[in-house]
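What follows is one structure encoded as C-alpha cells, with my remarks underneath.
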Amino acid sequence: MRRGSRFGIAVALAVTLGAVVAGCVATQGGGAAGSAAEKVYVKPGEKDAYYAFLSGGHHGNVYVYGIPSCRHITTIPVFTPEPAVGYGNDEESKAMLGGYTWGDAHHPGLSETDGDYDGRWLFINDMPNARIARIDLKDFKTRQIYGPIPNISAAHACPFPTPNTEYVFAASRFSVPVPNRGVKVEDYAKDFKGIIAGIKVDPKSGEMSMGFEIQMPPFDWDLSDAGKGPSLGWQFFTCYNSEMAYDSLEIKASQNEMDYFAAVDWRAAQKAVDEGKATTINGAPVLDPQKVKDFVYLIPVPKSPHGVDVDPSGQYVCCSGKLQAEVSVYSFAKIKAAIDAKKFEGDKMGVPTLKFEDCLEAKVPVGLGPLHTQFDNKGFAYTSLFLDSQIAKWKVGPPWNVVDKIDVYYSIGHLMASEGDTRHPTGDYVVALDKLSKDRYLSVGPTHPEAAQLIDLRGPKMELLYDFPTYLEPHYAQMIRADKLHPITVYPLAENDKPGAIKRAEDARIERKGNRVDVFGLVVRSHFTPDIVKVNQGDDVYFHWTNLEQDDDIAHGFGILWSSKNMQIEPGETKTIRWTAEKTGINPFYCSNFCSALHQEMQGYIEVRAKGSPQAAIVRPDAKTIAEINALLAAR
Ligand code: K7E
Ligand code: CUA
C-alpha cells in the first residue's frame with residue numbers, strides 16, 4: 001500500500017471515529033473538534049445536547065442549564081415560593097409547600113428504567129425538613145412534596161432512586177431521639193437513633209408513599225447510591241461520626257480509623273415490614289435490626305467518608321474518605337459472599353459488621369479530599385478532590401491507577417458527568433461544581449457566585465472548556481440527553497378537569513355563599529372575564545382563572561394591587577388564588593405577564609363595598625359581553 005493512501009484511510013477512519021464518539025453532541029453544537037470556544041458554542045436558534053439539573057441548595061429549587069452552552073434556561077421552584085409564577089401563592093402549590101418557605105435541596109435524582117435515565121421525573125431532597133419533591137418533566141413543575149418524613153432528621157442521603165425507580169431514600173444526617181422526646185444531649189449514645197427510610201414510588205404516577213424505615217446506630221448518615229446489575233436490590237449509605245460525638249464534631253468525629261457504609265437489601269426490608277415485623281413510630285413502620293435480621297449490614301470505610309458511588313457495571317462500590325487520599329473500592333461480589341457466609345466481625349446495635357479486608361477490592365490513590373465519583377463510557381471514573389481542587393480520572397479495574405488530573409477553581413464538591421451515574425454514561429462532559437469562585441468573576445460584593453466548570457471528556461486528557469457562575473448553591477446535579485425529554489408546551493384544554501375550570505364565556509360567573517366569593521373567570525388576549533368584581537369588605541375571594549389560550553408561550557398573569565398575590569396562568573391551565581377584601585374602596589388587578597400588544601389594557605377592578613352590602617348570589621356576564629368574549633376567543 002502506498003504511503004499516501006494509508007494516510008488517507010487513517011484520516012477517513014479518524015473522521016468516522018470522531019463522528020461516532022461525538023454522537024448526538026456534534027449535531028447539536030459543541031462538536032468534539034476545534035477550540036474550547038467552538039466546543040461550547042451553540043448557534044443562535046440551535047439547542048443544547050443535554051439538560052442539566054442543578055440543585056439550588058439553600059435556595060430550595062432547581063436550576064436548569066443547557067450543556068454544552070452552559071446557558072441558564074430556567075429555574076424550577078420546588079421548596080421555596082416563587083412569586084413571578086405564583087408558586088406558593090396559588091392554593092394548590094401553597095398547600096403543597098405545607099407552610100414552609102425554605103428548603104435546602106442537595107441531590108437531584110432523575111427517574112430510571114433499567115438503570116438509565118428515562119426522562120419521566122426528577123426527585124430532589126429538602127434536607128432540613130426531610131422532604132422529597134417530585135418534578136414532572138412533562139411540564140417541569142413540582143407535582144408532589146412528600147414529607148416531612150417521620151423520624152428522619154435532615155434527609156441528606158436522599159433521594160438516590162433505584163434503577164427502576166421503585167424507591168427513593170432518605171437517611172438522618174443528624175440523629176435525634178426516635179420518637180423525639182425530652183432527653184439529655186449527653187445521653188446521645190443511648191437515646192439517639194439514626195433512621196434510613198425507603199419511600200415507595202408508584203410506577204405509573206410517580207406518587208411517593210411510605211415503604212419502610214430502619215433503626216440505625218446514631219451515626220451521621222451522609223450519602224447514598226443504588227446498586228445495579230449484580231448489586232440490584234441493594235442500597236448503600238455512607239456515614240461519619242461512628243464515634244457518636246454530639247459536640248465539637250470537627251474534632252471528635254474524626255477519631256476512628258474507620259467509619260462505615262451500610263448495605264440495605266431493600267426487598268428484604270420491605271418484606272419484613274409487609275410481614276408485620278416493624279414497630280409503628282409516628283406512623284412509620286420501623287424495623288429494629290436487634291430484632292429483625294438479614295437485611296442490613298455495615299462495611300468499614302477509612303476516615304470519615306462522604307460520597308458512595310456504584311460503577312456502571314454495578315460490581316463496585318466506591319467510597320471516598322474525606323480525610324484520606326484514596327478512594328476505597330469494594331467488590332459487591334465479595335460483600336455478598338461475606339454476608340452469605342455470615343462472616344461478621346461483630347455488630348453495631350444489631351447491625352452486623354463485615355470485615356474491611358473481606359470486602360475491599362482496591363485502593364485508588366486519587367489525591368486529597370476525595371468527595372464524589374462519576375463515570376464515563378470508557379471504563380474510567382472521575383473523583384472530585386475538595387482539598388486539592390482537582391478532578392482525578394482513574395481506571396475502574398486493574399491496575400486501578402490515576403491516568404489524568406485537572407485543576408478546578410476552586411474547592412470542588414460534587415461533579416456531574418453526562419449520565420455519569422447510570423448504567424450507560426455517555427462520556428461527553430463532566431461539570432465541576434465548585435464551592436468557591438473567589439476571583440473568577442466580576443465582583444458583586446461579599447456574596448460570591450458559585451462556580452461551575454464544563455470539562456470535555458472526549459479526548460485522552462480532560463480539557464477545561466468553560467466557566468459559568470450559578471446562584472447559591474448547587475450541590476449535586478445530573479445531566480440527561482436532551483432527546484430523552486419531550487416537554488409539552490401547552491396544557492390541552494380538553495384534559496383540564498380542575499374543579500375551578502370553565503371553558504366558555506357563558507360559564508364565567510361570580511358566586512357568593514355567605515362571605516365566600518368564588519370568581520370563575522377566563523383569561524385570553526387581552527381580557528379578564530369578568531373584569532369587574534364586586535365584593536364586600538371581609539369577603540374571602542377565590543379567583544379561579546382559566547387560560548383559554550392554546551398557543552405556545554402565551555401565559556397570562558394575575559396580580560392584585562396592595563397585596564402579595566400574583567400568579568401566572570399558562571396556556572390551558574386553571575389556577576386558584578385566595579384574596580381577602582380587607583378595605584372598602586377600589587382595588588385594581590392586572591395581567592403581570594407580558595402577553596400581547598394590548599397587555600397593558602389587560603386589567604380589572606375589584607369594587608369593595610361596605611360589610612353587609614346587598615349582593616347577588618350569582619353574577620354572570622350579559623349577552624353583549626359574552627358575544628364580545630366569543631369574538632376575542634375566535635380571534636386568538
Ligand atoms: Cu457533597 Cu450535600 Cu452531596 Cu454538598 S453534598 S458537596
Ligand atoms: Cu395577559 Cu399580559
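Every number for a ligand or one of its atoms is a count from 1 in the order of the listing.
- Ligand-side atoms of ligand 1 in range of H306: 1 (Cu), 5 (S), range being under 4.0 angstrom from any heavy atom.
- In this structure, D551 pairs ionically with R525, as a charged nitrogen and a carboxylate oxygen lie closer than 4.0 Å.
- The nearest N, O or S atom of N593 is closer to atom 2 (Cu) of ligand 2 than 2.8 Å.
- Separation of the H414 and H107 ring centroids falls under the 6.0 Å cut-off.
- Taking 2.8 Å as the threshold, H599 counts as a candidate ligand of atom 2 (Cu) of ligand 2, since one of its N, O or S atoms lies below it.
- Close to ligand 1: K435, with a non-hydrogen atom less than 4.0 angstrom away.
- The side chain of H156, and not its backbone, has at least one atom closer than 4.0 Å to an atom of ligand 1 (non-hydrogen atoms only; side chain from C-beta on).
- Residue H414 has at least one heavy-atom neighbour below 4.0 Å for each of these atoms of ligand 1: 1 (Cu), 3 (Cu), 5 (S), 6 (S).
- Under a 4.0 Å criterion applied to the non-hydrogen atoms of H372, ligand 1 contributes the atoms 1 (Cu), 3 (Cu), 6 (S).
- Under a 4.0 Å criterion applied to the non-hydrogen atoms of L223, ligand 1 contributes the atoms 3 (Cu).
- Near H107, meaning under 4.0 Å from any of its heavy atoms, are these atoms of ligand 1: 2 (Cu), 3 (Cu), 5 (S).
- The distance from ligand 1 to the heavy atoms of G413 drops below 4.0 Å at these ligand atoms: 6 (S).
- The distance from atom 1 (Cu) of ligand 1 to the nearest N/O/S atom of H106 is not under 2.8 Å.
- Between H72 and the choices Y65, Y51, F53, the ring-ring contact (aromatic ring centres under 6.0 Å, His included) rule is met once, by Y65.
- For K141 and E570, the salt-bridge test passes: some basic side-chain N is under 4.0 Å from an acidic carboxylate O.
- Checked by atom type, the side-chain pair Y382/D404 shows no donor-acceptor distance below 3.5 Å.
- With no hydrogens or angles considered, no side-chain donor-acceptor pair links T165 and S111 at under 3.5 Å.
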Would you check, one step at a time, whether the test side chain to side chain contact (heavy atoms under 4.5 Å, CB included) holds for F79 with D104? CA-CA 8 Å; F79 298 111; D104 189 354; over 6 Å; no
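- The protein heavy-atom contact nearest to atom 4 (Cu) of ligand 1 is H475 ND1, 2.1 Å.
- Judged purely by distance below 3.5 Å, without hydrogens or angles, the side chains of N496 and Y491 never pair a donor atom with an acceptor atom.
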